[in-house]
Amino acid sequence: MSNALVDACAAQVSLALDMIMALRIAEHASQRDLLTGAWNRRGMESRVARLVNHHRSRLHDKEHLILGLVDVDNFKEINDTYGHPTGDRVLRNIVRAISTCVEDGGLIGRLGGDEFIIFCQSKVHWHDFMLQIQNVVGNRANGLYAVSVGGAEWGVDGTTFEACYAKADERLYANKRARKEAAVHR
């Protein structure tokens with residue numbers, strides 16, 4: 001084989017490898033929220049089955065697989081009052097706060113706007129876990145913002161993403177209503 005042919009083949013293999021790498025990078029980027037770095041809904045849903053299978057064999061009686069939702073209260077007012085750059089900082093700060101509560105292997109995603117999703121293993125019940133997140137976010141907010149939370153336990157509240165998401169969403173809005181009622185009575 002001539003050197004020119006070997007060089008041409010090597011160039012083609014190199015180009016193919018570069019294209020595969022670019023495709024993988026683009027696929028990964030298409031599953032991330034650009035503002036916060038959290039997974040987007042597509043990225044979350046593509047990882048749920050893998051996480052369920054991974055944890056199913058490792059869950060103990062005192063461990064729970066939780067799907068949680070976090071929604072920023074009155075987020076529009078933050079943007080209207082302080083501007084969108086402040087709103088963007090709030091969203092990034094919330095992801096950082098949530099990440100302090102989620103163990104390695106857990107997933108944090110931004111569903112859009114001011115709503116976040118968590119899918120992780122926890123030693124505490126979903127309610128206590130989500131209240132912990134609510135408190136951690138609140139402690140970092142310096143009174144600028146607060147969040148409402150809801151959650152569901154995989155296997156108890158449902159065995160599909162959709163079922164657990166629906167239950168967590170129902171509980172999130174119950175938490176939001178209760179927090180508004182408590183604020184009115186203060």
Side-chain angles (χ1 to χ4, degrees), residues 28-75 78 87-141 144-179:
H28 183 77
S30 75
Q31 296 184 10
R32 289 285 187 172
D33 173 58
L34 294 176
L35 177 65
T36 64
W39 296 106
N40 61 26
R41 186 176 187 127
R42 180 175 182 237
M44 289 292 292
E45 288 181 357
S46 71
R47 285 163 177 72
V48 167
R50 188 176 329 141
L51 189 64
V52 168
N53 290 334
H54 174 75
H55 287 290
R56 184 176 288 143
S57 63
R58 304 177 81 195
L59 285 175
H60 304 288
D61 290 337
K62 296 183 181 181
E63 293 179 327
H64 311 274
L65 196 52
I66 297 170
L67 186 148
L69 296 176
V70 176
D71 186 76
V72 184
D73 297 336
N74 306 311
F75 186 65
I78 294 168
D88 290 350
R89 277 193 301 280
V90 165
L91 297 174
R92 286 190 296 268
N93 286 339
I94 288 171
V95 169
R96 281 194 289 276
I98 292 170
S99 69
T100 66
C101 301
V102 175
E103 294 181 16
D104 286 341
L107 302 172
I108 302 169
R110 180 175 175 214
L111 294 177
D114 62 342
E115 188 172 43
F116 298 90
I117 187 168
I118 303 151
F119 196 64
C120 66
Q121 181 177 331
S122 175
K123 290 178 176 54
V124 298
H125 185 266
W126 72 263
H127 185 262
D128 297 332
F129 179 77
M130 294 309 297
L131 287 180
Q132 175 188 5
I133 287 175
Q134 190 173 48
N135 290 332
V136 167
V137 170
N139 289 340
R140 290 179 172 220
L144 177 61
Y145 56 91
V147 296
S148 295
V149 298
E153 184 174 344
W154 193 275
V156 174
D157 295 310
T159 57
T160 65
F161 179 86
E162 294 80 15
C164 287
Y165 178 81
K167 191 62 165 177
D169 193 55
E170 176 186 316
R171 290 171 173 159
L172 175 123
Y173 282 97
N175 178 254
K176 191 175 279 289
R177 281 189 302 276
R179 292 166 47 74

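Every salt bridge (charged side-chain N to carboxylate O under 4.0 Å, His left out) that Glu45 has, sequence neighbours left out, goes to Arg41. The side-chain hydrogen bond (donor to acceptor under 3.5 Å, both in side chains) search around Arg92 returns none, not counting sequence neighbours. For Gln134, the side-chain hydrogen bond (donor to acceptor under 3.5 Å, both in side chains) criterion is met by Asn175, not counting sequence neighbours. The side chain to side chain contact (heavy atoms under 4.5 Å, CB included) search around Val156 returns Glu153, not counting sequence neighbours. Listed by chain and residue number, Ile108 satisfy the side chain to side chain contact (heavy atoms under 4.5 Å, CB included) test with Ser99 (two or more places apart in sequence, or in another chain). Lys123 meets the side chain to side chain contact (heavy atoms under 4.5 Å, CB included) test with Glu63, Glu103; sequence neighbours excluded. Contacts of Asp73 classified as salt bridge (charged side-chain N to carboxylate O under 4.0 Å, His left out), with partners at least two apart in sequence or in another chain: Lys176, Arg179. By the salt bridge (charged side-chain N to carboxylate O under 4.0 Å, His left out) test, Asp114 pairs with no residue at all, sequence neighbours left out. Listed by chain and number, the residues in a side-chain hydrogen bond (donor to acceptor under 3.5 Å, both in side chains) with Asp157 are Arg171 (sequence neighbours excluded). The side-chain hydrogen bond (donor to acceptor under 3.5 Å, both in side chains) search around Thr100 returns none, not counting sequence neighbours.
The minimum heavy-atom distance linking Arg32 with Gly37 is given by the pair NH1-O, 2.6 Å. Shortest non-hydrogen contact noted between Leu35 and Leu91 is CD2-CD1, 3.7 Å. Considering all non-hydrogen atoms of both residues, Ser46 and Gln31 come closest at OG-OE1, 3.3 Å. Nearest heavy-atom pair across Glu115 and Leu69 is OE2-CD1, 4.1 Å. Gly158 approaches Ala163 most closely through the heavy-atom pair CA-CB, 4.0 Å. Taking all atoms of both residues into account, the shortest heavy-atom contact from Cys120 to Val102 is CB-CG1, 3.8 Å.
Within the structure, ring-ring contact (aromatic ring centres under 6.0 Å, His included) pairs that include any residue of residues 92-120 comprise Phe119-Trp154 (at least two apart or interchain). Residue pairs meeting the salt bridge (charged side-chain N to carboxylate O under 4.0 Å, His left out) criterion with at least one partner in residues 125-137, sequence neighbours excluded, do not occur; the list is empty.
A donor-acceptor contact shorter than 3.5 Å is absent between the side chain of Asp169 and the backbone of Tyr165.
Figure legend: cation-pi geometry between Arg47 and Trp39, with NZ or CZ positioned under 6.0 Å from the six-membered ring centre and within 45° of its axis.
Using cut-offs of 30° and 60° on the angle between ring planes, the pair His127 and His125 is tilted.
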